[in-house]
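Chain letters run A, B, ... following the sequence lines, proteins first, then strands; residues in each count from 1. For the numbers below, each heavy atom of this structure counts, side chains included, while hydrogens, waters and symmetry mates do not. Computed from a prediction, not measured in an experiment: that's the story for all the values here.
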Number of protein chains: 2
Amino acid sequence: MAHEQLTLSFQLCFRVYALERELMAAYRPLLDQLDLTYPQYITMLYLWEHEKGTVGELCSALSLDTGTMSPLLKRLEAGGFITRRRLPRDERTVEVRLTRKGKELEEQALSIPGNIASCLLTSDKDEQQRRYDELKTILDQTLDQLRASRKEREARVN
Amino acid sequence: MAHEQLTLSFQLCFRVYALERELMAAYRPLLDQLDLTYPQYITMLYLWEHEKGTVGELCSALSLDTGTMSPLLKRLEAGGFITRRRLPRDERTVEVRLTRKGKELEEQALSIPGNIASCLLTSDKDEQQRRYDELKTILDQTLDQLRASRKEREARVN
DNA sequence: CGCTACTAGATTGTGTACAATATAACAGAA
DNA sequence: TTCTGTTATATTGTACACAATCTAGTAGCG
């Protein structure tokens, strides 16, 4: 690299960028069998846990905006996994619920986490578990820090 | 989560997924000033370092496929940052080179890594530097492992 | 030379991402 | 009640991301 400064953050950010896509590639063949994409899968994970949710709750839980979530939900509805309806007491709000097919899909999804874990974990399980707990922690810290400095930037603009 | 198994890999993968987008959000305002997106930026990083490269080399260095790279390069060309030409000795190969404007852009990009680093690093610099070296290492290990198990899967299919 | 297999890129189609904008519904003040 | 500002979601436009397919060019072999 011509300029040394370009390396530090690049080394980190590019790795995260690459890892994210490699992870998606690991999920893809598994999720193909359920006719889901990864963003659709984590949307279903939320619904399997909470039974129902509004579009806003889903956006905030998955940190996606409505421009992503709206068409995604439309595809899940077209796939017969969920239903959407405006709430009578506030017609602005759209409530998403699982269909029977959507609920039943959870059974098929049960093998996915273990399958992904087997791509991530190697021989020494305990050691690896410890490493990933650590990774989880540092990812959280980094996320928090980025979100904090984003908030700061946004505040400065206003 | 109804089923405990869903948590382990989910906790890891979702964090990586979220972190990737948060990182892109940190780059965005900086890269907007250069009229680049993040994938375009790392393409330019490659070219700033190597002067030139074929489409295939860029795809492989950034682990992107031609379906992403081709239109991306077309936009960089439209922006006047690069030129593309077929090599005389092998007309299949397209060589990408920086224009003067593309070369000069590097100067403007110099402040970006430091700016991103300041979103990532907090008070105790040394401690944080140590943490990120560690993060870098574990990201690499995880990437390697995922790529290995992908290769394995692909081999099994054939 | 003519045939075949292969290679490098480009294209197409689907699905995110997200900024910017639009729309409809709600809530509170005059 | 009417006006105004706000909220929840949807839509539009641009740019990835990638599987699948296409195309032109190359290389090897009879």
Side-chain angles (χ1 to χ4, degrees), chain A residues 14 17-29 31-32 34-43 53-60 62-79 81 84-96 150 153-154 157, chain B residues 14 17-29 31-32 34-43 53-60 62-79 82 84-96 150 153-154 157:
Chain A
F14 180 66
Y17 172 64
L19 179 57
E20 188 265 347
R21 285 175 297 137
E22 199 63 45
L23 271 178
M24 296 304 113
Y27 273 104
R28 201 164 298 121
L31 292 176
D32 278 352
L34 316 194
D35 276 313
L36 293 178
T37 64
Y38 182 77
Q40 289 167 7
Y41 168 66
I42 58 177
T43 302
T54 68
V55 173
E57 285 164 357
L58 284 165
C59 285
S60 131
L62 310 182
S63 28
L64 289 169
D65 76 7
T66 64
T68 304
M69 192 50 85
S70 272
L72 187 157
L73 291 174
K74 208 174 277 187
R75 283 185 284 272
L76 283 180
E77 188 179 38
F81 300 119
R84 293 188 299 165
R85 62 163 200 143
R86 302 236 163 224
L87 286 186
R89 61 173 181 74
D90 185 345
E91 288 279 343
R92 290 170 305 178
T93 307
V94 171
E95 185 185 77
V96 177
R150 169 137 79 131
R153 266 198 315 280
E154 281 166 359
V157 171
Chain B
F14 180 66
Y17 172 63
L19 178 58
E20 188 265 348
R21 285 174 297 137
E22 199 64 44
L23 271 178
M24 296 305 113
Y27 273 104
R28 202 164 299 121
L31 292 177
D32 278 352
L34 314 194
D35 277 312
L36 293 178
T37 63
Y38 183 77
Q40 289 168 9
Y41 169 66
I42 58 177
T43 302
T54 67
V55 173
E57 284 164 359
L58 284 165
C59 285
S60 130
L62 310 181
S63 28
L64 288 168
D65 77 6
T66 64
T68 302
M69 193 49 86
S70 272
L72 187 157
L73 291 174
K74 209 175 276 185
R75 283 184 285 270
L76 283 179
E77 188 179 38
I82 63 163
R84 292 187 298 163
R85 64 163 199 140
R86 302 233 165 226
L87 287 186
R89 61 173 181 73
D90 184 345
E91 288 280 342
R92 291 170 304 178
T93 306
V94 170
E95 184 184 78
V96 177
R150 169 137 79 131
R153 265 198 315 280
E154 281 165 359
V157 170

Atom pair distance, as rounded to whole Å: CG in A/Leu72 and P in C/dA17: 8 Å

Euclidean distance, atom CG of residue B/Leu36 to atom P of D/dA15 [Å, nearest integer]: 12 Å

Sugar-phosphate, base or nothing in reach of A/Gly67, heavy atoms under 4.0 Å: base

Separation of atom CD in B/Glu57 from atom C1' in C/dG9, rounded to whole Å: 14 Å

Distance in angstrom units between A/Leu76 CG and C/dG15 C1', rounded: 12 Å

Presence of B/Tyr38 side-chain N/O under 4.0 Å of C/dA17 phosphate oxygens OP1/OP2: no

Flag side-chain contact, heavy atom, 4.5 Å: B/Leu64 against B/Leu58: no

Mutual orientation of the aromatic rings belonging to A/Tyr17 and B/Tyr38 [parallel < 30°, tilted 30-60°, perpendicular > 60°]: perpendicular

Any A/Arg75 side-chain nitrogen or oxygen under 4.0 Å from OP1 or OP2 of C/dT14: no

4.5 Å side-chain heavy-atom contact, B/Val96 and B/Glu57: no

Side chain A/Arg92 and base D/dT9 donor-acceptor under 3.5 Å: no

Length of the CG-C1' vector between B/Leu73 and D/dA17, whole Å: 14 Å

Nearest-nucleotide 5' precedence on DNA chain D, A/Thr68 against B/Leu64: A/Thr68

Short side-chain N/O contact from B/Thr37 to OP1 or OP2 of D/dC16, under 4.0 Å: yes

Residue-phosphate contact under 4.0 Å: A/Arg28 side-chain N/O, D/dA19 OP1/OP2: yes

Touch class at under 4.0 angstrom, heavy-atom based, for B/Asp65 against every strand present: base

Gap between atoms CD and P, on A/Glu91 and D/dA10 respectively (whole Å): 13 Å

Euclidean distance, atom CG of residue A/Leu62 to atom C1' of C/dT16 [Å, nearest integer]: 13 Å

5'-most by nearest nucleotide on DNA chain D - A/Met24 or A/Val55: A/Val55

Presence of A/Arg21 side-chain N/O under 4.0 Å of C/dT16 phosphate oxygens OP1/OP2: no

Side chain of A/Thr93 - closest among D/dA10, D/dA8, D/dC16: D/dA8

Side-chain heavy atoms of B/Thr37 within contact of B/Arg75, under 4.5 Å: no

Closest non-hydrogen atom pair, B/Pro29 against B/Ala25: CD-O, 3.1 Å

Nearest-nucleotide comparison on DNA chain C, the residue closer to the 5′ end among A/Arg89 and A/Ser63: A/Ser63

Sugar-phosphate, base or nothing in reach of A/Ser70, heavy atoms under 4.0 Å: base

Nearest-angstrom distance from the residue atom CD of A/Glu77 to C1' of D/dT9: 14 Å

hbond_proxy B/Thr66 side chain to C/dA10 base (donor-acceptor, 3.5 Å cutoff): yes

Residue-phosphate contact under 4.0 Å: A/Thr54 side-chain N/O, D/dA8 OP1/OP2: no

Under 3.5 Å: donor-acceptor pair, side chain of B/Arg84, backbone of B/Glu95: no

Any A/Gln40 side-chain nitrogen or oxygen under 4.0 Å from OP1 or OP2 of C/dG15: no

side-chain N/O A/Lys74 vs D/dT11 OP1/OP2, d < 4.0 Å: yes

